[in-house]
Every structure is written in structure tokens, then in C-alpha cells.
Amino acid sequence: MSSSITLPSPAKLNLFLHIVGRRPDGYHELQTLFQFLDYGDEITFTLTPGDARIRLEEPVPGVPDNDNLIIRAARALAERASHALPGVTIRIQKRLPMGGGLGGGSSNAATTLVALNHLWELHLDEDELAELGLDLGADVPVFVRGRSAIGEGVGEKLTPANPPEDWFVVLKPDCEINTRKIFSEEGLTRDTPKMKIAPAFEGDASRYRNDCEDVVRKLYPEVNKSLEWLSQFGPARLTGTGACIFGRFPTESAARIIWESKPSGITGFVAKGVNHSPLHKKLTELK
Ligand SMILES: C[C@](O)(CO)[C@H](O)COP(=O)(O)OP(=O)(O)OC[C@H]1O[C@@H](n2ccc(N)nc2=O)[C@H](O)[C@@H]1O
Ligand SMILES: Nc1ncnc2c1ncn2[C@@H]1O[C@H](COP(=O)(O)OP(=O)(O)OP(=O)(O)O)[C@@H](O)[C@H]1O
């Protein structure tokens, strides 16, 4: 087996996000529809026999290595091994904005769990990896499992879903949003009635909303302005707790026309929604 592997670490969108309650520990109970994008970071893992360290070739700007979810995921996995493991050097090509609501850090953690489980030949099953992942972040399990899904609980109870694989214009207003801050806002809607989720949910996500959107629009005028602009062309919505917003289009060319006309100074990208994670697709090709 090769001792080096390069794998995608895709973004997710929350096609809708309802807050349906609050647990005694303060965490919010959600109903959310996750879909992956064929766009994200890329991570290369190279085993280093003879050097037991788990290290990043270069730090992610603004994130101390000890806090980096890649390092934390690798260490958590290594603790599960019953024998000495070779070290690993990890290189990340970061494309996803931080604090964007695209799940970048969680996706990096999941790619690390899946990649090192493979390279270290640990044979943990998907349930074990998802459970390890949940300790690192609420969004990690869906990235570990790699299927679009309705997430309930804090996002760890997953029911596979098949939303249409549309094209998206994703815009990143010029601000970073802290997830914890939004979940602690007094004015946040926390009592959306729970829906009954049918297996293989294929409902029209645009009928539902993101309960964080009102609060985020008020606190971040940049987000409000971008949503107003994108809404001219169809339903536009916040992902996660922001800051990114997305508009849905049936074809790539329709999405690109809108992308080309965006106001100057806004960053982002055009990507396709996919119901199978690019991570798992690539890993299957490699096996
Ligand atoms: C908003 C979403 O992106 C939707 O997919 C996720 O629920 C957030 O997931 P995440 O970024 O992995 O969040 P975590 O790192 O687990 O949590 C950050 C903080 O947000 C708050 N938090 C998070 C998730 C949740 N369901 N309820 C919460 O109240 C908690 O204060 C927590 O300390
Ligand atoms: N590998 C990593 N990549 C990005 N952020 C990381 C990483 N490791 C730790 N972090 C921390 O996680 C924070 C949130 O980053 P992330 O990119 O996951 O935000 P997000 O897209 O808003 O996530 P979510 O949608 O899950 O709320 C960052 O501000 C950073 O401090």
C-alpha cells in the first residue's frame, strides 16, 4: 500500500436549518438538511516510519497546531490503536473560508479520521469513526458518513436524504462568524415545530428556512446586503450560522451567469451539490 494519500475535504451546505429545542447542556437541537459540495480543501497524508510525530507541514493561519481539528482528530484516532503507529506529516490546501458555515474544520477532521484509519490500517467501522468525530464537532459525523442526510439531535442523528444535485453560487460576505456567539444570541428562534422526517427525504428545501438567518442579518450588515442581492435571482439562504450564503440554480451555466455579475469585492465560488461525499468517492477509487 502507498504510504501517501491525497483526499478531498469537501464543504457542506445546510439547505435548511431549524432549531427545534435546547438540551439541558445548552446545545441546540436541530433539524437540518446537509448536502455536500464538489468543492473544498485537499489534504495529503504521508506516513513517516521512524518518526512517530503527528505534524502539519505548515500551520493553518490563525489556528495553533494543538487546536487544529486535523491534529486533534489524528491524536484521537491514534489513542485507539493497540500498537505503535508510524508518524504522519499532513499538508492542507485550504480553500474553504473559516467561520463560513461550510463546515471546513469539521470536514478536515473527518477526512483525517477516514484517511488515517485507512493508512494506519486500524479497521474502525463508520459508527466508531462518527462517534470519535462527534467529540470534535457536531458536524463531523455527517462528513465521516459521506451521505447527504437530515441531521437531528445536534446533527449526529442522520437519516439519508436525496435533495436535487443542483448548482450553487456560494458567496462569502466579508466577515467571520463564531458559531458559539450565534447560538448564544437571545433573539434566536429556538421553537420551530419538529417535522416528521420521512426516510430518503426529497422535499423541496427552499420551503424551509435557516433559523439563524434573522439574527445573523441583524448583526452582520454585510450578510444582509449579500442576501438581498442574491435573492433577486431566486431563493437565497444562509448556511450553518454563516457567514456564507448560497443561491440554488438548475444548471452550471445559470449559476455562472449570476456569479459573473456579483458586486465587486465579494468572494465565493460556484459548486455542484452532491449527495455522495467526494471524500468517499476518491477513497473508493483508490482502494
Ligand atoms: C451550525 C452547524 O454548522 C450546522 O450544521 C453546526 O451545528 C455547528 O457545528 P460545529 O461548528 O461543529 O459546532 P461545535 O464546534 O460543535 O459547537 C460550537 C458551539 O456552538 C454551540 N452549539 C453548537 C451546535 C449546536 N447544535 N448547538 C449549540 O449550541 C455550542 O455553544 C458550541 O460550543
Ligand atoms: N483545520 C481547521 N480548519 C479550519 N478551522 C479550524 C481548523 N481547526 C480548527 N479550526 C477552528 O474552527 C473554527 C471554525 O472553523 P470552520 O471553518 O469549521 O467554521 P465553519 O465553516 O463556520 O464551521 P461550521 O459550519 O461547522 O460552524 C475556526 O475559526 C478555527 O479556529
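We're numbering straight along the sequence, starting at 1. First listed ligand is number 1; within each ligand, the first listed atom is number 1. Side chains included, hydrogens not; waters and symmetry mates left out as well; all remaining heavy atoms used. This one's a predicted model, so the numbers in the text were calculated from it and none came from an experiment.
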* Structure fact -> Note: ligand 1 atoms sitting under 4.0 Å from heavy atoms of Val154 are 26 (N)

* Phe34 neighbourhood, listing ligand 1 atoms whose heavy-atom distance to it stays under 4.0 Å -> 5 (O)

* Asked: Hey, quick one: are Leu96 and Ile177 part of the same hydrophobic cluster, counting side-chain heavy atoms closer than 4.5 Å, chains of contacts allowed?
  -> no

* **Side chain, backbone, both or neither: the part of Ser106 lying under 4.0 Å from ligand 1 by heavy atom** => side chain

* For Leu17, the ligand 1 atoms whose distance to one of its heavy atoms is below 4.0 Å -> 4 (C)

* Asked: Any sub-3.5 Å donor-acceptor pair from Asn14's side-chain atoms to Phe16's backbone N or O?
  -> no

* To do: Using ring-ring contact (aromatic ring centres under 6.0 Å, His included) as the criterion, list what pairs up with Tyr27, not counting sequence neighbours.
  => none

* CA sep, side-chain torsions, deciding dist, call: Arg75, Glu79, salt bridge (Lys or Arg N to Asp or Glu O under 4.0 Å) -> CA-CA 6 Å; Arg75 286 182 181 153; Glu79 275 175 24; over 6 Å; no

* Short side-chain to backbone donor-acceptor contact, Thr32 and Gly155, under 3.5 Å -> no

* **Heavy atom of the protein closest to atom 15 (O) of ligand 1 (residue, atom name, distance)** => Gly137 CA, 4.4 Å

* Structure fact -> Within the 4.0 Å heavy-atom cut-off around ligand 2, the contacting residues, ordered by chain and number, are Lys12, Val63, Asp67, Asn68, Leu69, Ile70, Lys94, Pro97, Met98, Gly99, Gly100, Gly101, Leu102, Gly103, Gly104, Gly105, Ser106, Asn108, Asp139, Thr179

* Asked: Based purely on interatomic distance, does Thr32 place a nitrogen or oxygen under 3.5 Å from a nitrogen or oxygen of ligand 1?
  -> no

* **Identified ring pair (Phe, Tyr, Trp, His ring centres under 6.0 Å) counterpart of Phe168 within the set Phe269, Phe249, Phe246** => Phe246

* Are Lys225 and Trp229 in a cation-pi setup, meaning NZ or CZ lies under 6.0 angstrom from the ring centre and within 45 degrees of the ring axis? -> no

* Any chance you could lay out the side chain to side chain contact (heavy atoms under 4.5 Å, CB included) test for Leu279 and Val114, step after step, and finish with the verdict? => CA-CA 9 Å; Leu279 164 64; Val114 169; 4.1 Å; yes

* Can you tell me if Thr192 and Arg209 form a side-chain donor-acceptor pair at under 3.5 Å? -> yes

* **Atom pair CG/CE of Asn108 and Met98 - distance to nearest 0.5 Å** => 10.0 Å

* Is there at least one pair of N or O atoms, one from Lys12 and one from ligand 1, spaced under 3.5 Å apart? -> yes

* Asked: Of all the non-hydrogen atoms in the protein, which one sits nearest to atom 29 (O) of ligand 1, and at what distance?
  -> His28 ND1, 2.8 Å

* **Closest to atom 32 (C) of ligand 1 among Tyr27, Phe183, Phe143 (heavy-atom distance)** => Tyr27

* Would you say the side-chain atoms of Lys12 pair up with the backbone N or O of Gly101, donor to acceptor, closer than 3.5 Å? -> yes

* With Gln31, the side-chain hydrogen bond (donor to acceptor under 3.5 Å, both in side chains) member among Lys157, Lys194, Glu152 -> Glu152

* Structure fact -> Near Gly26 (heavy-atom distance under 4.0 Å), the atoms of ligand 1 are 29 (O)

* Mind checking whether Asn162 and Arg147 have side chains closer than 4.5 Å, heavy atoms only? -> yes

* **For atom 7 (O) of ligand 1, closest protein heavy-atom neighbour** => Leu30 CD1, 3.6 Å

* What are the atoms of ligand 1, with element, lying closer than 4.0 Å to any heavy atom of Arg180? -> 19 (C), 20 (O), 31 (O), 33 (O)

* Structure fact -> The closest protein heavy-atom partner of atom 8 (C) of ligand 1 is Asp139 OD2, 3.7 Å

* Polar side chain donor-acceptor pair, Gln35 to Asn275, under 3.5 angstrom -> yes

* Asked: When you look for heavy atoms under 4.0 Å from ligand 1, do you find them on the side chain of Val140, its backbone, both, or neither?
  -> neither

* Structure fact -> of all protein heavy atoms, closest to atom 18 (C) of ligand 1 is Thr179 CG2, 4.2 Å

* Just distances here: any N/O of Ala138 and N/O of ligand 1 closer than 3.5 Å? -> yes

